[in-house]
Every structure is written in C-alpha cells, then in structure tokens.
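Contents: one structure, followed by commentary.
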Amino acid sequence: MEILTQDFYNRDTLTVARDLLGRHIVRRVQGRELICRISETEAYIGRSDKACHAYGYKRTKRSETLFAAPGTAYIYLIYGMYDCLNFVTEPEGEPAAVLIRCAEPVSDADVFSQIRFSCNFDEMTAYQRKNFMNGPGKLCRALCLSRGQNGLSLFGDELLVTQGKPAKAENVKTGKRIGIDYADEATDFLWRFTLSENA
DNA sequence: TTCAGGATGTACT
DNA sequence: GTACATCCTGAAC
C-alpha cells in the first residue's frame, strides 16, 4: 500500500484530477479503516476559474485552505447541510484543488453502509444502492468527514490516498462541472473527470 | 422512474 | 439579505 507523496499533488491541477481516478482513499476513524476507490473528480483553479472559492487569488476565511501546501484536505460546508472533500494541489500559495465527487467501496462494504444507512450492504434498497456514494456530500457522510477535518494533511494517519488501481487513459471521460451555472465562461470548462468503466 | 421543492447555516456583499 | 461545487422526501406517472 504505497501512499501518494506531496510530489503527486504538486503538479498541474488538471493532471492531478485525472490522475486521482482509480486511486484509493484511506480513512481511519473510531478504530475503523475505510477504503474506497475514486471514480469522479473536478478541478478548481483560483487563478483563472470563477467557480473556485479563491478566484483571482481572493483570500477569505473559507478559501484560506486552498492556498495551503499540496496534499492538504479542503473541506467546506455547502447548502447549509453537506460537506465537500477536496485535495489541495499546486505549490503553496497557488489556490487550487480537486473535488472528489464519487467513489466506490474497496474495504468491507458493510462498514460503509452501516455509517450511511444503518444497515448491511445487501440490505440496502435499490434506491440507496444507486445513491450510495455518488456525490460529494454523500461521499463525505460515508467517510465521516466534515469541516472539522478541514486543513488535515493527507500524509497522516486519519486520511490519506494510496496508489490504488490507476485509471487507464481510455477509461477517463471529461465533461462540464456540476452545479456552477453562476460562473460565466467557467461553466463550460471541461474540468470534470469520470471513470467510464464505472456505472 | 422521474420530478419539484424544501431543508439548512455559513460566507460574503 | 443572497447565494451556495447538494441531498432527500414524497407524489405523480
């Protein structure tokens, strides 16, 4: 189980977003170890992207984490109820990150389903199965992450990313990002990456 | 199976 | 006061 180093994150954000597909997130909490495989990401780059919280290098209390060292977790509250997990990229001082939108369980799936729906994996309804971890808010719930973990290093024990099973280039699809209609021309940037082998 | 609408609180203007 | 990188419920088909 090889942990991705800071060099991995200290690169162009679009490259990192693409390269994160298929990697494994390891989350250790309350004596449990949760492992899942990343299947959908989006890039957010402050210097050119109106959808990014730090657009134009704007520093606020919230966006501060985006300026941190590569390999930092940026977790923020959205719509009053849900948390979104991002990994900070590029050199310290460059506000950019990759949003993790979707993943699938690798370790014991019952642990995930217990956290999310308080039942075993094979007891979930078809609806729950379809909506298991296919969105940033759901993913954070399943991994027990909230903005209390904002600023966490990805090189500690609680949260890290390993080599996993990297996606092949032909299985990566690009598309427009979700939920950023307000962002003018940035709305059309093809900065969303999905594993096409994934339903 | 799809759809509309409500929940909810923080950051920022 | 407004907008927000969303999700869930319940009703209609």
Side-chain angles (χ1 to χ4, degrees), chain A residues 9 12-14 16-18 20-21 25 36 38-68 70 72-90 94-105 112-119 123-152 154 159 161 173-195 198-199:
Chain A
Y9 303 96
D12 169 70
T13 304
L14 296 175
V16 177
R18 192 182 286 267
L20 275 171
L21 291 176
I25 297 174
C36 60
I38 299 171
S39 54
E40 185 171 332
T41 62
E42 287 179 2
Y44 288 86
I45 304 173
R47 64 177 169 277
S48 60
D49 177 11
K50 286 184 186 169
C52 183
H53 294 153
Y55 172 59
Y57 295 89
K58 186 167 65 174
R59 275 184 191 262
T60 64
K61 193 176 172 189
R62 182 176 62 167
S63 69
E64 189 64 33
T65 310
L66 285 166
F67 293 83
T72 302
Y74 171 45
I75 304 174
Y76 65 90
L77 184 71
I78 190 64
Y79 297 122
M81 290 188 200
Y82 298 103
D83 296 285
C84 292
L85 171 66
N86 301 247
F87 298 151
V88 175
T89 58
E90 307 203 17
E94 276 294 328
V98 175
L99 169 69
I100 311 301
R101 287 195 64 87
C102 183
E104 58 194 39
F112 284 93
S113 58
Q114 283 292 347
I115 291 169
R116 204 133 140 63
F117 299 118
S118 301
C119 68
E123 292 167 344
M124 291 192 297
T125 66
Y127 185 81
Q128 289 174 330
R129 202 172 291 269
K130 191 180 166 193
N131 292 284
F132 191 42
M133 282 174 73
N134 61 333
K138 303 172 201 176
L139 184 112
C140 283
R141 280 195 52 186
L143 291 178
C144 300
L145 288 168
S146 66
R147 59 202 187 292
Q149 280 75 48
N150 182 37
L152 198 64
L154 296 180
L159 182 65
V161 185
K173 280 198 303 194
T174 60
K176 294 182 187 180
R177 291 175 294 172
I178 304 293
I180 53 158
D181 291 345
Y182 61 91
D184 297 334
E185 77 283 352
T187 305
D188 297 324
F189 293 173
L190 298 177
W191 285 3
R192 177 174 174 228
F193 302 96
T194 51
L195 263 181
N198 209 64

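Letters go in sequence order (proteins before strands), and every chain restarts at 1.
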Please list, for nucleotides 2-8 of chain B, all pairs of protein and nucleotide N/O atoms separated by less than 3.5 Å.
from  : atom 1 : to      : atom 2 : distance (Å)
B:dT8 : O2     : A:Tyr79 : O      : 2.5

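Under 4.0 angstrom from either OP1 or OP2 of B:dA11 there lies no side-chain N or O belonging to A:His53. Listed pair A:Arg141 / C:dT6 fails the phosphate criterion, with no side-chain N or O lying under 4.0 Å from OP1 or OP2. Phosphate proximity of C:dA3 to A:Arg62: absent, as no side-chain N or O sits under 4.0 Å from OP1 or OP2. Taking only side-chain nitrogens and oxygens, A:Lys58 comes nearer than 4.0 Å to OP1 or OP2 of B:dT13.
Between the side chain of A:Tyr76 and the base of C:dA5 there is at least one donor-acceptor pair of N/O atoms closer than 3.5 Å.
Looking at heavy atoms from C-beta onward, A:Glu123 lies out of side-chain contact with A:Phe117 at the 4.5 angstrom threshold.
Between the side chain of A:Asp49 and the backbone N or O of A:Ala51, at least one donor-acceptor pair lies under 3.5 Å.
For A:Arg59, the salt bridge (charged side-chain N to carboxylate O under 4.0 Å, His left out) partners at least two apart in sequence or on another chain are A:Glu64.
Residue A:Glu90 comes nearest to A:Arg47 through the heavy atom pair OE1-NH1, 2.9 Å, listed as atom of the first residue, atom of the second, then distance.
Between C:dA5, B:dT10, C:dC8, one nucleotide has an atom nearer to the side chain of A:Lys138 than all others, and that is C:dC8.
Paired regions of DNA chain B, where each region holds three or more successive Watson-Crick or G-U pairs whose two hydrogen-bonding distances fall under 3.5 Å, are B:1-7 with C:6-12, B:9-12 with C:1-4.
Of the residues A:Thr72, A:Val88, A:Leu154, the one that meets the side-chain contact (heavy atoms from CB on, under 4.5 Å) test with A:Tyr9 is A:Leu154.
Note: CZ (A:Arg59) to C1' (B:dA11) measures 17 Å, nearest angstrom.
Ring geometry for A:Phe67 against A:Tyr57 counts as tilted: the plane angle lies between 30° and 60°, on a 0 to 90° scale.
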Show your working on side chain to side chain contact (heavy atoms under 4.5 Å, CB included) between A:Phe193 and A:Val98 and close with a plain yes or no.
CA-CA 10 Å; A:Phe193 302 96; A:Val98 175; over 6 Å; no
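Judged by distance alone, the side chains of A:Lys130 and A:Asn134 never bring a donor and an acceptor atom under 3.5 Å apart.
Among the protein residues, A:Leu99 comes within range of the nucleic acid bases, having at least one heavy atom under 4.0 Å from a base atom.
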